[in-house]
**Q** 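Dumping the structure here so I can ask a few things about it.
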Amino acid sequence: MSSHPREELERRFERRHGGPPRVAVRAPGRVNLIGEHTDYNEGLVLPCAVDRDTLVCAAPRADRRCRVFSLELGAEAEFDLDALARRGDWVDYVQAPLFALAERGHALPGLDLGVTSRVPLESGLSSSAALGVGVAAAADRAAGLGLEPVDWARVAHRGESHFVGVGCGIMDPFASALGRADHALRIDCRSQEVRAVPLAAAAVRLLIAPSGVRRQLAQGGYRERVAECSAALDVARAAGIAPPGSSALRDLGPGALPALERVLEPRLLRRVRHVVSENARVDAFCEALAKGDLAAAGALLRAGMASLRDDYEVSTPELDLLCELGDAAPGCHGSRLTGAGWGGCTLHLVDAAASEAVAERIAAGFAERFGRRPEILTARIADGAGALADPAG
Ligand code: ADP
Ligand code: MG
């Protein structure tokens, strides 16, 4: 596990809150290996936790107040457990899991909290889920609720979607809470079933390259894709290709594509082709990982990228170039954009021994064309959230 500025956090905790923390937990960021734009189609995703985490320290209080500080933001705040209210800033992400715990009927004491994170904020590694899961786990420990990691994930998801009000799926909090070192997590977004898929070749690293493009277009584009999927499903149902009660494109397999070609306009057909083929790629990727066949896994990443670029049309020139550069570098098995697209970052599956050289080639090639060097992160597949040994104080 990665080393933490834990001493610094505990020192600041003691200074801010006038006493030492009683519990400490960590919750990692995540990256999605494959299975993009499948979640809202009730399909398959395959994220893993990465070795960058958020650390949360806590101590229960005798009253109903909560006080929290964040080392990253250099900010602190106070709120009352009986008057949780959205403020439109980072404190919402701290209140959200407490709101969801209360909603489930758990009795919580007031809490003193301190937060620090090695998950970069707002860069696609889901610092929000790491914070939500971390606060849920810290509150659980501090209050002695005895919850399981999957409960932290559900609480974080409920909080982010209903309290913060961000339309997010279960993937991020599930990956942060349930991740396993050297395993990917196959999540069925319909049944919420989670299976850890071993990565037979442990000497693998993930490179995460930021495109540097803020996803301003993402909101509108994302909603448009969701609507297109739903429109395509309507047509498929009306034509008797999807079962009458079908609620999502998940119900269509590759075998349905020839029939769909006859009834869907070309744009909707491309969207469906991506979703259907992407679900199949998730299972093929799991098989390749379990066999340690990194060449096959890499080919699936490249196929997924082509599908996102050409059929789903969510890539950008920056993302395209990052993937081309990665795929051309020796030791890189495959690349694709990860996250919704329209910006954000790319993911590259590389041999550990080659990771520095691949990162350098991507950064240099990108700088040549776009005039700025992306700061590429090298990550390992890590364990999900958990309690750290209780602080000494
Ligand atoms: P991502 O999850 O991709 O990193 P989001 O926009 O979903 O990006 O969530 C990022 C937000 O989560 C930040 O803007 C901030 O409000 C909150 N957040 C995450 N980590 C921290 C932290 N360590 N301290 C304070 N706020 C944080
Ligand atoms: Mg997020």
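In this text, all values refer to a predicted model and were calculated from it rather than measured experimentally. Order of listing sets the numbers, starting from 1, for every ligand and every atom in it.
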**Q** Against heavy atoms of Leu131, which atoms of ligand 1 measure under 4.0 Å?
**A** 18 (N), 19 (C), 21 (C), 26 (N), 27 (C)
**Q** Taking the side chain as every heavy atom from C-beta outward, state whether Arg361 and Leu325 have any atom pair closer than 4.5 Å.
**A** no
**Q** Give the atom numbers and elements of ligand 1 that come within less than 4.0 Å of a heavy atom of Leu73.
**A** 25 (C), 26 (N)
**Q** Which one holds for Tyr93 and ligand 1: side chain close, backbone close, both close, or neither close, with close meaning a heavy atom under 4.0 Å?
**A** side chain
**Q** Could you tell me whether any N, O or S atom belonging to Ser127 is less than 2.8 Å from the Mg ion (ligand 2)?
**A** no
**Q** Which is closest to atom 6 (O) of ligand 1 in terms of heavy atoms, Arg118, Glu122, Glu72?
**A** Glu122
**Q** At what distance, to the nearest 0.5 angstrom, does CZ of Phe366 lie from CD of Glu324?
**A** 11.5 Å
**Q** Describe, in one word, how the ring planes of His37 and Trp342 are oriented to each other, choosing from parallel (under 30°), tilted (30 to 60°) and perpendicular (over 60°).
**A** perpendicular
**Q** Under 4.0 Å from a heavy atom of Gly124: give me the atoms of ligand 1 that qualify, with their elements.
**A** 3 (O)
**Q** Report yes if some N/O of Ser128 lies less than 3.5 Å from some N/O of ligand 1; otherwise report no.
**A** yes
**Q** Answer yes when Asp112 and Arg65 have at least one side-chain N-carboxylate O distance shorter than 4.0 Å, and no when they do not.
**A** no
**Q** Determine whether any heavy atom of Val115 lies closer than 4.0 Å to an atom of ligand 1.
**A** yes
**Q** Using a 4.0 Å cut-off to any heavy atom of Ser117, which atoms of ligand 1 qualify?
**A** 23 (N)
**Q** Would you say Asn32 and Thr338 are linked by a side-chain donor-acceptor pair, where the criterion is simply a distance under 3.5 Å?
**A** no
**Q** Look at Arg271 together with Glu265 and state whether they make a salt bridge at an N to O cut-off of under 4.0 Å.
**A** no
**Q** Just heavy atoms, cut-off under 4.0 Å: does Ser70 contact ligand 1 by side chain, backbone, both, or neither?
**A** side chain
**Q** Carefully, step by step, assess Arg87 and Gln95 under the rule side-chain hydrogen bond (donor to acceptor under 3.5 Å, both in side chains).
**A** CA-CA 10 Å; Arg87 318 166 12 140; Gln95 296 187 81; over 6 Å; no
**Q** Does any N or O atom in Ser127 lie less than 3.5 angstrom from one in ligand 1, N or O only?
**A** yes
**Q** Give me the ring orientation class for Tyr40 and Tyr222: parallel if the planes are under 30° apart, tilted from 30 to 60°, perpendicular past 60°.
**A** perpendicular
